[in-house]
Amino acid sequence: MRVRPVCLDVGDVVELGELLEFVVRWMDSCNDGLADSFERFVGNGSYDIGELRMDLARFAFLLGGCGGGLAVGGDER
């Protein structure tokens, strides 16, 4: 299945990336209680908080951090 590109306003992309980075920093500052809570929420142990951190950081990168600027380009349509 081919996925069509989605064009977002640059300001929205920046805000979303900043929000993702904020959540990652918050998670990094928490103790193990957050990991325990996340494990209970997920329920099956197949996805842990470390993987969530990595996914959030990757999404922030793809939105424009450190060279991921393609998400904000407009010429790719």
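Because the structure is a prediction, the values reported are computed rather than measured.
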| remark: Sorted by chain and residue number, the side chain to side chain contact (heavy atoms under 4.5 Å, CB included) partners of D12 (sequence neighbours excluded) come out as D9
| request: Sequence neighbours left out, what pairs pass salt bridge (charged side-chain N to carboxylate O under 4.0 Å, His left out) with at least one residue falling in residues 39-49? | output: none
| Which pairs count as salt bridge (charged side-chain N to carboxylate O under 4.0 Å, His left out) when at least one residue sits in residues 54-64, sequence neighbours excluded? | D55-R58
| If two hydrophobic side chains count as joined below 4.5 Å and joins carry through other members, does V6 share a cluster with L20? | yes
| query | What pairs with R53 under side-chain hydrogen bond (donor to acceptor under 3.5 Å, both in side chains), at least two apart in sequence or on another chain? | reply | D28
| task | Examine F59 and W26 and state if one hydrophobic cluster contains both, with Ile, Leu, Val, Met, Phe, Trp and Tyr joined whenever side-chain heavy atoms are less than 4.5 Å apart. | result | yes
| So, for G17 and A60, which heavy atoms are closest and what is the spacing to 0.1 Å? | O-CB, 4.0 Å
| message | Check for me, please, whether L34 and L52 land in the same ILVMFWY cluster - side-chain distances under 4.5 Å, paths through other members count. | response | yes
| note | Contacts of L19 meeting side chain to side chain contact (heavy atoms under 4.5 Å, CB included) (sequence neighbours excluded), chain-then-number -> V23
| Flag if over 12 foreign heavy atoms under 6.0 Å of OH, Y47 | yes
| Residues two or more places apart in sequence or in another chain: which of them pass side-chain hydrogen bond (donor to acceptor under 3.5 Å, both in side chains) with S29? | none
| task | Please round to the nearest 0.5 Å and tell me the distance separating atom CG of L63 and atom CD of E21. | result | 9.0 Å
| task | Could you pull out the closest heavy-atom pair between V24 and A57, with the gap in Å? | result | CG2-N, 3.9 Å
